[in-house]
Asks: 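Can you read through this structure? Questions will come right after.
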Amino acid sequence: MKIKSRTVFAVSLTGALLASLLAISNSAFADQSPPTPSSSSQHSNVQAEATMTERLFPNGVSDVVLCSGSPSQAGNVQLAQALATKLSGALLLTENSQHLGLATKNALTSLSTPQVAPSGTVQPFQPQPGKPMIYLVGDYSSISASLETRLTQMGYQVTRLGGSPNTIRNSVLNMVAPALPQGTSTQSFPTSWNQYEGASNHESFFPASSNSPAWIKNGVSWSFAEQAAVPLNATFPDLANLGLRNAPVKLTQYLGNAVGVTAVNGIIYAESDDYHLYALNAQTGALLWQVGPLNNSLMGNPIVSGNIVYVTTGDTGFSFSQVLKFEQSSGTSPLVRGLLYSSLYAFNATTGRMIWRQDFKGNAMPTPILYNNTVYEPTGGGNLWALNAQTGALRWKTPLGGFDSMSSPNLYVNPTTKQASIVVGTSDANHVVAVNAKTGAVTWTQPTTLNIFNTGMGDNSPVVDQSNGIVVQDSVVNFDRANKTTNLAVYAMNASTGKVLWSTNLGRSSAPPAYKGGMALIQNGVVYVGSPVTSELYALNESNGKILWSFPFVNSGPAGAGRGNPVLAYGVLWIAAGPTIYAIDPSNGKELSSYTPGGRFGIVNPVIVGGTMYLGNSYDWIQAIPLTKIYPSLKISS
C-alpha cells in the first residue's frame, strides 16, 4: 500500500468535529491503491491541507505530535491522537521515516504562534509566540534520527516517545492519563478539604509523618503553566493601559489563581480565573486531569470529600443600571453582584467527570463549605444555599440581608448546644451573619457600628477560633474622600452571639484597588493578618486586639500587598505577598529569609505539606517550592 503525504489533526473540540478529524486519520489507511496524482492536483492537495491547518488552528498551537504515516504505525497513530487531544495540539503524519513531506512541512510552519504584541509588552490570554514543541511518537525506524536532527536545526524543541511498542504505549499513557497517587505518596496529605484553607482557623499546614517518603519530607520543586499562563519573569499584562496600581489587581481577578490551592491524597487541586479546574500530581506536577472552560471564573479553593470535588464560578461585575438605581434610592435598593453565569459544580475527584451542577442568581465566587453531607454557598444574589452534597438537591435557601462577594463561609459548633452555624460576611448591608446549619434560620447578625467602606465585609472571609469561641473579621473603614485614604479595622466577635469583643485599626494609607481586606490566621492566641492598605503584616493579641508587632512588605507597589494570610509551620510564619514569599519569626516579626519565584500573589495563602509549599499565582501558574529554598537554614522535623 502506498501512502501519500497527509496531514492529520487532533484537537480538544466537540465530539462531532473530533469524529470528523478521526475520519481523516482513518482515510490515510483506507485507500489501498491510490492513483498517482498529477503535479497540479498534488499542489492543490497541499494547498487544501495548509488551508485546513489554518482554519483549525488560526492562532497556532503550543504542541504538535508527529507520527509516521506508514500503515505499520497505525497503533502509534492512535496513541498520538490521544496525546494530541490531551495537549490540545495538532497531530501530523510524516511522508516516511526520512522526510516530513511537503504538506506536513507546510502545516508545521503554519502552526507557529504569531507575534502580535508590541515589543516589550505582555497581552492577557495571548499564547506565547514561537514554534510549537514537537513530540515524536515512534522509534528510529519509523521516524529517523536524521529527521529529528533536522527538526532541531529548524528551531523546534523535540521530545521523542520511542522504544519498544510497550515503552511507547506507557510513555503516552503516563502523559495522557498518569497514575493517581496512592500508598506512601498520599501520606501526610489530608484526606479531605471541607472549607476555605482546609481549617476554620485558616491554618494550611500538614507536617510529614515519620514514615513519609523522602520527597514529602524534603520537598519537591515544579511549576505548572495553566491555560492563560504568563511568563513568570514578564511584566504585568496590559500594564501600559492599566498602570502599576490596577494591572496586578486585574491579573488576579480575571487571569490567574486568585487564592490558594487544595491538597488532598497526594493531589493538588486548583481553580483559575482562566475558567478551568486542575488536578495535579503533588510530587511531579503532572496534570492528572482538567475540566473547562466552565461558565465563569473560578476564584476559590476546591472542596474535596470522598470522591467528589466541588468548585464555584462567578465574577466581580455590577450592571450600571442597578448601581444607578442603588444610588438614586440612597442605598436602599438591593444590589446583586455578578454579571455572567455562576454555578456550583460537583466533579468526580479522580477523573474530572461532572456529577451535578446548581446555577445561581448573582456571583458564586466564595469557596463553599461542606458539613454533614451538605454543601453551603453564599452568593452575590444575597442568599445562603444549602444543597445535598451527593445530588445537589436544595435543602434550604436563606436571605442574608446583603450580597456576598468573596467572603467564604466558615463553621462554628457551639460546644454546649452542639449547634453548628455557618458564618459569612456580606455587603450592603455590611455585617457578619451566622446561620443555623441544619434549619437555615439566622442565628445572629453582627450590627457593627464601624464606618465600613466599599464592599467591606462581603469581600473578606471570617476566621473562627473554635476553642475560644471567637470569630475575627476585618474591613476597610473610615474612607476620606478628600485624600482618598482609608484604614483597615480588625474586630473580634463572640461566635455564639455576634457581640463585638474588640476592634483595632491597623493604620491609614491610600485605599487599595479591588480586594481591600486581608485574610487572617489564628494560632496560639495570636491573630496574624495583613493589610493591603499599609502593605504590612500584623500580629494581634487575640484576647484584646493589641498590636504585638508589624512587618512591612517591600516592593509591594501601589496595588498594595498582604491580602493572603500566613501559615505557621516548623516555628516559622510563611506568607506570600506581592512578588515575594517571606519566612518570618512569629515571636517578633523579624524577617528570617525571603524568596521571589516570579509572578505575583493575590489573595494566596501557602499550603504546606511536609517540606513543600504549594501555591497558586496570579500569573496563572501552580508552583511547588521546597521550604528550604525559601529559608535555607530551616530544620524540618517530622
Side-chain angles (χ1 to χ4, degrees), residues 180 186 189-204 206 261-267 269 271 277 279 291 294 298 300-314 342-360 364-379 381 383-400 404 407-424 433-443 461-464 466 471 495-496:
L180 297 171
T186 67
F189 283 81
T191 57
S192 64
W193 194 281
N194 295 327
Q195 66 177 91
Y196 185 74
E197 301 197 44
S200 59
N201 68 339
H202 292 174
E203 173 67 302
S204 305
F206 310 93
V261 301
T262 293
V264 171
N265 292 329
I267 298 175
Y269 298 92
E271 301 182 22
L277 165 66
V291 293
L294 302 183
L298 290 81
N301 301 155
I303 297 300
V304 182
S305 181
N307 197 37
I308 301 179
V309 54
Y310 305 88
V311 299
T312 53
T313 60
S342 62
S343 304
L344 193 159
Y345 293 86
F347 296 101
N348 182 293
T350 55
T351 67
R353 187 176 180 86
M354 190 185 300
I355 300 171
W356 57 259
R357 164 181 163 176
Q358 171 65 54
D359 293 348
F360 302 113
M365 291 187 289
T367 297
I369 190 168
L370 182 66
Y371 176 73
N372 198 22
N373 199 36
T374 302
V375 60
Y376 302 87
E377 174 66 10
T379 68
N383 292 296
L384 177 64
W385 294 65
L387 306 171
N388 182 296
Q390 303 303 312
T391 66
L394 178 66
R395 297 195 191 279
W396 49 258
K397 181 174 67 172
T398 294
L400 294 172
D404 190 306
S407 182
S408 296
N410 212 321
L411 177 73
Y412 174 69
V413 180
N414 187 298
T416 303
T417 65
K418 308 302 180 184
Q419 177 182 309
S421 295
I422 306 299
V423 184
V424 66
V433 186
V435 179
N436 186 301
K438 183 177 182 180
T439 66
V442 174
T443 305
S461 303
V463 59
V464 173
Q466 179 67 41
V471 175
S496 297

Asks: Nearest 0.5 angstrom please: I267 CD1 to L180 CG, how far?
Replies: 5.5 Å
Asks: To check you understand the geometry: which heavy-atom pair defines the closest contact between A420 and V413, and what is its length?
Replies: CB-CG2, 4.1 Å
Asks: Indicate yes or no: at least one non-hydrogen side-chain atom of N388 is less than 4.5 angstrom from one of R395.
Replies: yes
Asks: Give a yes or no on whether the backbone of S343 and the side-chain of T313 come within a donor-acceptor separation of less than 3.5 Å.
Replies: yes
Asks: Going by atom types only, do N410 and S200 share a side-chain donor-acceptor pair under 3.5 Å?
Replies: no
Asks: What I want to check is whether the side chains of N348 and T350 have a donor and an acceptor closer together than 3.5 Å.
Replies: yes
Asks: Can you give me the closest heavy-atom contact between F347 and G352, atom names plus distance?
Replies: CD2-O, 3.2 Å
Asks: Keeping T417 on the side-chain end and Q419 on the backbone end, is there a donor-acceptor pair under 3.5 Å?
Replies: yes
Asks: Would V424 and D404 satisfy side-chain contact (heavy atoms from CB on, under 4.5 Å), going step by step from the backbone distance to the final call?
Replies: CA-CA 8 Å; V424 66; D404 190 306; 3.1 Å; yes
Asks: Grab the two heavy atoms, one from P302 and one from V309, that are nearest each other, plus how far apart they are.
Replies: CB-CG2, 3.6 Å
Asks: Before giving the answer on side-chain contact (heavy atoms from CB on, under 4.5 Å), spell out for L294 and V311 the whole-Å C-alpha distance, their side-chain angles and the decisive distance to 0.1 Å.
Replies: CA-CA 10 Å; L294 302 183; V311 299; 4.3 Å; yes
Asks: To the nearest 0.5 angstrom, please state how far the CG atom of L298 sits from the OG1 atom of T367.
Replies: 10.0 Å
Asks: Sequence neighbours excluded, which residues qualify as ring pair (Phe, Tyr, Trp, His ring centres under 6.0 Å) partners of F189?
Replies: none
Asks: Does the side chain of P366 reach to within under 4.5 Å of the side chain of S407, using non-hydrogen atoms?
Replies: no
Asks: Supply the atom-to-atom distance Q390 CD to N373 CG, rounded to the nearest 0.5 angstrom.
Replies: 5.0 Å
Asks: N436 and W396: which non-hydrogen atoms are nearest, and at how many Å?
Replies: O-CZ2, 3.6 Å
Asks: Is the closest side-chain donor-acceptor distance between Q195 and S408 under 3.5 Å?
Replies: no
Asks: Which heavy-atom pair separates Y371 from A437 by the least distance, and what is that distance?
Replies: CD2-CB, 4.3 Å
Asks: Set out, in order, the CA-CA distance, both residues' side-chain angles and the distance that settles side-chain contact (heavy atoms from CB on, under 4.5 Å) for N265 and T191, then state yes or no.
Replies: CA-CA 5 Å; N265 292 329; T191 57; 3.7 Å; yes
Asks: Check whether any side-chain heavy atom of Y345 lies under 4.5 Å from a side-chain heavy atom of Y310, and answer yes or no.
Replies: no
Asks: So which atom in H202 and which in E197 form the shortest heavy-atom distance, rounded to 0.1 Å?
Replies: O-OE1, 3.2 Å
Asks: Between CG of L387 and CG of L370, what distance do you get to the nearest 0.5 Å?
Replies: 11.0 Å
Asks: Can you list everything that forms a ring pair (Phe, Tyr, Trp, His ring centres under 6.0 Å) with Y269? Sequence neighbours excluded, please.
Replies: none
Asks: Taking the side chain as every heavy atom from C-beta outward, state whether W356 and L344 have any atom pair closer than 4.5 Å.
Replies: yes
Asks: Ring centroids only, cut at 6.0 angstrom: are F360 and W385 within range, meaning strictly under it?
Replies: yes
Asks: Return the CD to CG distance between Q466 and L411, rounded to the nearest 0.5 Å.
Replies: 7.0 Å
Asks: Got T439 and T398 here, is their nearest side-chain heavy-atom distance under 4.5 Å?
Replies: no
Asks: Does a donor on one side chain sit under 3.5 Å from an acceptor on the other, for N301 and T262?
Replies: no
Asks: Indicate yes or no: at least one non-hydrogen side-chain atom of P368 is less than 4.5 angstrom from one of Y196.
Replies: no
Asks: Just verifying a value: how many Å separate Q358 CD and L394 CG, rounded to the nearest 0.5 Å?
Replies: 7.0 Å
Asks: Within a strict 4.5 Å, meaning less than it, do heavy atoms of the S192 and V264 side chains meet?
Replies: no
Asks: May I ask you to decide if the ring planes of F206 and W193 are parallel, tilted or perpendicular, using 30° and 60° as cut-offs?
Replies: tilted
Asks: State, with a plain yes or no, whether a side-chain heavy atom of T312 is found less than 4.5 Å away from one of E377.
Replies: yes
